[in-house]
There are 2 protein chains.
Amino acid sequence: MHSKPTMKDVARLAGVGTMTVSRFLNGTASVSKETAARVDKAIHELNYRPNEMARALRGRRSRSIGLILPYLYDTFFSGCGHAVSTVAKQHGYSVLITTSNEDPDTEFNEAALMLQRSVEGLIVIPANHGETRLNRALLGRVPLVAFDRPICEPAFDSVVVQNESGALRMVEHLIKHGHKKIFFMGMSAKVYTVHARLQGYLKAIAEAGLESYESFQCQTPESTLQEIEKHLRMKTPPTAYFTSNTLATRFVFTALLQLGVRIPHDAALAGFDDFELADLTSPSLTVVRQPAQEMGRVAASQLFERLKRGETGQPGCRTVLPVELVLRRSCGCEHEGAVVVQ
Amino acid sequence: MHSKPTMKDVARLAGVGTMTVSRFLNGTASVSKETAARVDKAIHELNYRPNEMARALRGRRSRSIGLILPYLYDTFFSGCGHAVSTVAKQHGYSVLITTSNEDPDTEFNEAALMLQRSVEGLIVIPANHGETRLNRALLGRVPLVAFDRPICEPAFDSVVVQNESGALRMVEHLIKHGHKKIFFMGMSAKVYTVHARLQGYLKAIAEAGLESYESFQCQTPESTLQEIEKHLRMKTPPTAYFTSNTLATRFVFTALLQLGVRIPHDAALAGFDDFELADLTSPSLTVVRQPAQEMGRVAASQLFERLKRGETGQPGCRTVLPVELVLRRSCGCEHEGAVVVQ
DNA sequence: ATGAAAGCGCTAACAA
DNA sequence: TTGTTAGCGCTTTCAT
């Protein structure tokens, strides 16, 4: 056989019509046992595999979904991606993946391209909050689930974590350690999660009757270092830092070490988002742990639920997943190992 | 408009035949300026987007490639994936992604599924060495580029790093520090990269006239801990460890810390594969750095090169990318920061 | 339970 | 330069 065998080839070999082969493969209608056996034999003999493009073109279903992440090299995002991919595989679906690089236009174009490829649904971590151009007009009837950051479009589902309350609880923890001047350090106020965590920080600070301090200079290691240097020159430098995400945590941690600040003695540190090796630094890092893979799993499940029900008009729902406080040493706790607070 | 506009709709609105629209879109043949303008207007008016499935079915090109990685949650793999995705986007291609979970059968099935989806090429980090079932028979004329781990099939391209010489140089470095008993710690001898790095270790050891010690117990933190405990009970415990990959490095590092071994005083440590935060541990970790993203970039470029040339008969070539030694503190070096040796 | 005909949206091949 | 015809491989519809 030169090129790939088609359904016609199978039908001919089995001595039946193509529709019988199609029905056998899809279980759309009953096929007598005998013919089924003949068809099955022919399929194996030719090593026949249906052409998914033709299937998608003729039928309604492409058995594929699209996944758009800001980046793939970030552990958090790729962890989510792994979960989505796993769920899709369980449903027999393929995943088209792409990155938006946090750019709403790229995101829009990539989404459009995926729709051209007839994906049945889209799972997205939207680019910077409020700027996403994804909407019903673009998507038509195709369902979309946003996660990590919600989309303000009522028809889309969202899956997020307890950003605000997680931050609030962690800052409360720092306050319990006796800190009065706690700095919030973020990468960018434009990102939804950073903003939400800032709100939690502000609430905790306000409830304790303290003053709030925030900075969004954690763009690069250098800018972070400069910012922290500025703090050290203050009359009363901060005694604790709360960082908005992994990268901010890393940058602040590095800067503090470089500047000879002893953690947690001179300044305590706690961050949002756990990561590998956070327990191997010195001191080990206290963080809010969010369930990255679980979030991807739930988002994907939600999408497949919609696809199964075929209900497209349903309003979107928001799922909020719980976070945990992982208390290690950088906050000032002195117990051995890590204490996880649900 | 109820459902999506088709080429026919555009043709009708522009008052031309569908072929003119097709030619306009693909630049296959010249279209007069006036008609081109009318077609362009119609396309924008209807917000028409060609159906990629139909294109792929009729024409030869699906403008998509498949990417198969062992896992997606591993930073190394997802970094490679990011690079592949970026290159594909530059070429206007979409990426179907999936994970093999290091299982050759899953890998085989996923590859077959991708071929059913008419991918034009495949980029793969093959599952455990020697067991991969990917071959020309499955792939037909579809090109494949293996990276990180090569595939022993002459028609496939491979992109790898200097696993053996990188390991050799690092072990030589440990030897220069005066170590006589250096343990090689790996996760699994079945993985190509681990095997290759072991060869480098063995060569360095042999050239120095030393005795070699190897263990593949770094499966879990627990098994690693047990293994190291065993070493400590030896008459002359090892004074240095060389680890085969990130996870092994982490496990050995944690175990040594837990057992109160002072690094590098009681035992030095050096590993293959750099990772974020390797410079923030205490002591900071000396590693062989391999260019993960670069490897993905080169593999993808190689694939697109083949696609462009359309030459399918060409024998596969192997590209070897250089690694760097990143000397931090865990090996016993005492300089500030990190020294990178090309 | 099975088959024949039509056509999904597009493009290669030919014709004008 | 442009249009017509045919058909990629499959499934829907209608017939038997």
Side-chain angles (χ1 to χ4, degrees), chain A residues 1-40 42-43 46-64 113 115-120 140, chain B residues 1-40 42-43 46-64 113 115-120 140-141 310:
Chain A
M1 195 61 63
H2 208 170
S3 63
K4 284 193 184 176
T6 74
M7 192 174 264
K8 218 168 164 181
D9 299 324
V10 175
R12 188 162 30 211
L13 182 60
V16 298
T18 57
M19 268 319 294
T20 306
V21 180
S22 174
R23 283 194 268 258
F24 171 78
L25 283 170
N26 296 294
T28 327
S30 46
V31 176
S32 84
K33 263 206 165 141
E34 288 182 13
T35 25
R38 284 219 313 285
V39 170
D40 194 45
I43 287 175
L46 295 173
N47 194 22
Y48 166 75
R49 302 279 196 150
N51 179 325
E52 288 293 336
M53 308 300 261
R55 271 188 162 172
L57 182 58
R58 191 58 183 89
R60 247 319 180 231
R61 310 178 50 200
S62 68
R63 283 167 247 251
S64 68
L113 186 57
L115 293 171
Q116 285 181 247
R117 292 194 179 282
S118 311
V119 293
E120 291 180 36
Chain B
M1 196 62 63
H2 209 170
S3 63
K4 284 194 184 176
T6 74
M7 194 174 264
K8 219 167 163 181
D9 300 323
V10 176
R12 189 162 32 211
L13 182 60
V16 298
T18 57
M19 268 318 291
T20 306
V21 180
S22 173
R23 283 193 270 257
F24 171 79
L25 283 169
N26 296 294
T28 327
S30 46
V31 176
S32 84
K33 265 209 164 135
E34 289 182 12
T35 23
R38 285 219 313 284
V39 171
D40 194 45
I43 287 174
L46 294 173
N47 196 20
Y48 166 76
R49 302 278 196 151
N51 180 325
E52 289 293 336
M53 308 301 261
R55 272 187 160 172
L57 181 59
R58 189 59 182 85
R60 244 321 181 232
R61 310 177 51 200
S62 68
R63 284 166 246 249
S64 68
L113 186 57
L115 293 171
Q116 286 180 246
R117 291 194 179 281
S118 311
V119 293
E120 291 179 37
R141 309 185 178 294

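Letters A, B, ... mirror the listed sequences (proteins, then strands); counts begin at 1. Every heavy atom of this structure was used, including side-chain atoms; hydrogens, water molecules and symmetry mates were not.
Contact annotation: Asn26(A) reaches the phosphate of dT11(D) (side-chain N/O to OP1 or OP2, under 4.0 Å). Side-chain N/O atoms of Ser22(B) include none lying less than 4.0 angstrom from OP1 or OP2 on dC10(C).
Distance from the side chain of Met19(A) is smallest to dA4(C) among dG3(D), dC10(C), dA4(C). Distances were taken from every side-chain heavy atom of Ser32(B) (C-beta onward) to each of dT2(D), dT11(D), dG3(C); the shortest belongs to dT2(D). If you check dT11(C), dT11(D), dT2(D) against the side chain of Met7(B), the one that comes closest is dT11(C). Checking dC10(D), dT13(D), dG9(C) against every side-chain atom of Leu57(B), the shortest atom distance belongs to dG9(C).
With rounding to whole Å, Met53(B) atom CE is found 14 Å from dT11(C) atom P. For the pair Arg61(A) CZ and dC8(C) P, the interatomic distance rounds to 21 Å; values are reported in whole Å. One can place CG of Asn51(B) at 8 Å from C1' of dC10(C), the figure rounded to the nearest angstrom. As a whole-Å value, the separation of Tyr48(B) OH from dC10(C) C1' is 7 Å. The CZ-P distance, from Arg38(A) to dT2(C), rounds to 8 Å in whole Å. The interatomic distance linking Leu25(A) (CG) with dT12(D) (P) rounds to 13 Å, in whole Å.
Backbone-only contact: Thr35(A) has heavy atoms under 4.0 Å from sugar-phosphate atoms and none from a base. Heavy atoms of Phe24(A) sit nowhere under 4.0 angstrom from any nucleic acid atom.
Distance alone, capped at 3.5 Å, places no donor-acceptor pair between the Ser118(B) side chain and the Ser62(B) backbone. For the pair Asn26(A) (side chain) and Ser22(A) (backbone), a donor-acceptor distance under 3.5 Å is present. Checking side-chain atoms of Gln116(B) against main-chain N and O of Pro50(A) turns up a donor-acceptor pair under 3.5 Å. Side chain of Asn51(A) to backbone of Met53(A): a donor-acceptor contact under 3.5 angstrom is found.
Place Thr20(B) and Arg58(B) on DNA chain D by their nearest nucleotides, and Thr20(B) ends up nearer the 5' end.
Between Glu120(B) and Arg63(B) there is no salt bridge, since no side-chain nitrogen of the basic residue lies less than 4.0 Å from a carboxylate oxygen of the acidic one.
A donor N or O paired with an acceptor N or O is found under 3.5 Å between the base of dG3(C) and the side-chain atoms of Arg23(A).
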